[in-house]
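Shown next, in structure tokens, is the structure this report addresses.
Convention: sequence-line order gives letters A, B, ...; per-chain numbering from 1.
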Amino acid sequence: MSNPALECIDVSKTYVMGRDIEVKALRNVSLTIRKGDFVSIVGPSGSGKSTLLHIAGTLDRPTSGRVLVDGVDVTKLSENQLSVFRKNKIGFVFQFFNLLRNLSALENVMLPMLLSKRYTFKEARLKALYLLKLVGFSEDRLRNPPSRLSGGQQQKVAIARALANNPAYILADEPTGNLDVSSSTEIIATFKLLNSFGNTIIIVTHNVELARITNRILFMKDGQIFEEAPRSFLEGLPIDDESIRLKKQVQLDLLKLERENVERLFKKRIITGETYEKALKSIEEKELIVKQ
Amino acid sequence: MITLLYLTRYALRDISSKKLRAGLTILGISIGIASLVSLFIVSLGMRARVESEINTLLGSSIIVRTRNSEPMSIYVVHLLNNIPGVERAVPVIIGSGLVESSNAFILAVPVEEIKSFQTILSGSGVSSPNARECLMPEESAKKLRVSVNSTVRIVTSYMQEGVTFKVVGLSEIGGLFQAALAGPASVVVMSLEQGERILNKRGLADMILVRVYNSSIMSSVVNAIRSTYPGLSVSTEEDVLKQSQAILDTIDAVIFTISAISIIVAGVGTMNTITMSIREKIREIGVLKSIGASPLQVLYIFLVEGIMLGLLGGLLGSALGMGLGYVIVVYLLPRIFRFQINLPFIISYEPVLNGLIIAVSASFLSSLLPSWNASRIRPVEALRYE
């Protein structure tokens, strides 16, 4: 059995405000998220959702407890190691999209791949194109800067960007919080689709529609987490069969590109045999999911 | 490599998306660099001019004086003439007096040597040692309103009633003696014999110019004079150049101190721009870090931005400085002072290269601190920043 995507063991976070006011944002939270999970975290404001998200994203450190991402204890890593770790293991999707405004849609998706130095410019470009196709981004807007994209389009770019380096999981913070109803529906469908291709997704949200399509809903209150019974999938995805068939093809193309990239890296001895085997296995697993 | 190019492009787009602010920063830097480059050009001109003056005047000559600068006996001339390698020793008398009631510097040399001291522009040289004739630089003549063939009255402390001389020729403006010794005063050149009379220096010389046959034996002649007559002070073109270099270096130091102030101001401007740029982009820094940009990569982005501003400012500043230097050397300096300063306009890569290096390093240094701070921002704080 492979490692869980995310494992929080007895995690607490205490903010010290002023001299003797302490805010306990997280109280002994334990949580395991398996690969391929589609989890939503809901709860009132101030319940500790964002803190949990930041800690799960290695953007913040817990006061106590351990956080394991893909089997690696991240609480012991330095700031520099964390930046490398985040680049390869975690994809972020924010409420306010947070695209880099000096870069075009395509370049925004390419950036994490280029930062990781694992992809050549050509590979990164091709993969970015596939990813944007996968999330349903319209092809005639690839060169537009974020300021000339609608909210829904920007969020699609952000999701594609989050997928760029094959993260262990995607963390989405209120991904539909700043979108109109129809864009929200599209984004929800996109997440659903991505999950069905084997991507692990964790969403923090107020949006009940969004929470309902996830296979696991966690409820947070006063820094504690409560598990609710898993629900069956929402009936009828807002995507027709034809488009799913097309998307499956894109996903397969993506995985093919991925396989070529890993093979190149292995041949050039940039990655070890073990990493190579692991990557190949994960690619094969994903291919299997799509072909089912 | 590709990553660096990509980050560079990111930084450059950031500059171009804030044209006004970037433009003003570049302008600030370029003003500092322009002042530096133009003053550098003036300094280069000054050095070239002084060198060529000293060279024309002295060439392969040696200046001999007494150690205490007292006049020496004319007999020394004969002694020096006997040293092997010496072509000719020329006695020179220097003094001061009034010409047409204004201060003047009197230079007396043997008649046949007068032409080797100054280029005669109009009129002729002095006809004979005992003729009461003199030459003046064209500029002195203009100031005193005399021309060829007019007479001037020269008064010295030994000739209270004054002696009348006929101006027989006008020589080239300037010359080392005017520039270095007389300054704004007028200059008259006459025969050695007349100088002896009106300055009461019969049988004496203030200095002796020693010509050698060729410059390759100069040092051996200098050594011969030094060892034979230790009481005499000997200086060559090289020594005079060295002395003048020391003066020019001081002037340069003043010039560069002034420019340094404007460059510091430009540096602070760059620092401000980069700080503002970072303040505006704190959220973006958070995003960059959350998608895995390392602190070093964030540092790189903002450093590139700073250095680019410096480079553009340096280029613009060098161009402006060249223009300004040209205007100063060709139009301003010959006009604004009481005496003309004619410097050559020298086009050289040196001022431009220095300007660029200073601009880039100043902007590098001033963007280092804010960029470093930006690279240290913790992503969770940066993402919370509104």
Side-chain angles (χ1 to χ4, degrees), chain A residues 13 15 50-51 53-55 57-61 78-104 107-125 145-147 158 161-165 167 171 173, chain B residues 1-19 21-22 273-274 276-302 304-306 308-309 372-386:
Chain A
K13 178 74 183 178
Y15 292 108
S50 297
T51 306
L53 190 89
H54 286 146
I55 286 175
T58 72
L59 294 173
D60 210 350
R61 290 168 193 279
S78 74
E79 205 61 41
N80 273 326
Q81 288 169 316
L82 279 181
S83 83
V84 177
F85 193 82
R86 272 199 293 276
K87 180 159 59 190
N88 296 326
K89 293 287 180 191
I90 299 163
F92 288 94
V93 176
F94 302 97
Q95 179 176 0
F96 296 102
F97 325 127
N98 282 344
L99 298 178
L100 299 172
R101 58 176 172 231
N102 291 329
L103 300 180
S104 72
E107 288 167 333
N108 261 290
V109 182
M110 286 166 71
L111 186 61
M113 292 184 260
L114 294 174
L115 285 176
S116 81
K117 295 180 182 163
R118 283 185 43 175
Y119 293 85
T120 64
F121 192 82
K122 238 172 132 181
E123 282 176 338
R125 205 186 131 79
S147 56
R161 181 178 68 182
L163 286 167
N165 283 332
L171 283 174
D173 187 3
Chain B
M1 197 56 215
I2 292 165
T3 315
L4 288 190
L5 279 175
Y6 208 76
L7 293 177
T8 307
R9 197 160 75 180
Y10 178 82
L12 294 188
R13 286 207 198 148
D14 197 45
I15 293 177
S16 65
S17 70
K18 285 172 300 203
K19 288 196 181 68
R21 191 197 296 158
T273 304
I274 299 295
M276 287 304 291
S277 166
I278 287 166
R279 183 72 38 103
E280 273 174 11
K281 301 181 77 175
I282 280 190
R283 249 187 113 83
E284 276 202 24
I285 293 168
V287 176
L288 275 169
K289 289 201 148 185
S290 71
I291 61 173
S294 67
L296 218 60
Q297 284 166 330
V298 174
L299 180 77
Y300 177 83
I301 289 177
F302 290 101
V304 165
E305 200 172 324
M308 208 56 214
L309 291 176
W372 177 258
N373 288 338
S375 73
R376 297 287 117 186
I377 293 173
R378 293 190 52 219
V380 66
E381 281 151 26
L383 283 172
R384 242 181 245 145
Y385 189 89
E386 292 301 326

Closest non-hydrogen atom pair between [X] and [Y], with its separation:
X: Leu100(A); Y: Asn108(A); value: N-OD1, 2.9 Å
X: Leu103(A); Y: Pro146(A); value: O-CD, 3.1 Å
X: Ala158(A); Y: Phe97(A); value: CB-O, 3.8 Å
X: Ala162(A); Y: Val93(A); value: CB-CG2, 3.8 Å

Margin query: For chain B, which candidate among Met113(A), His54(A), Lys89(A) shows the most heavy-atom pairs at distances under 4.5 Å?
Written below: His54(A)
Contacting region of [X] [heavy-atom separation from chain B under 4.5 Å]:
X: Phe85(A); answer: neither
X: Glu79(A); answer: side chain
X: Arg101(A); answer: both
X: Leu111(A); answer: both

Note to self: Please classify the contact between Gln297(B) and chain A as side chain, backbone, both or neither, with a heavy-atom cut-off of under 4.5 Å.
What the structure shows: side chain
Notebook entry, point to check: Is atom CZ of Arg125(A) surrounded by more than 12 heavy atoms (other residues, nucleotides or ligands) closer than 6.0 Å?
Noted result: no
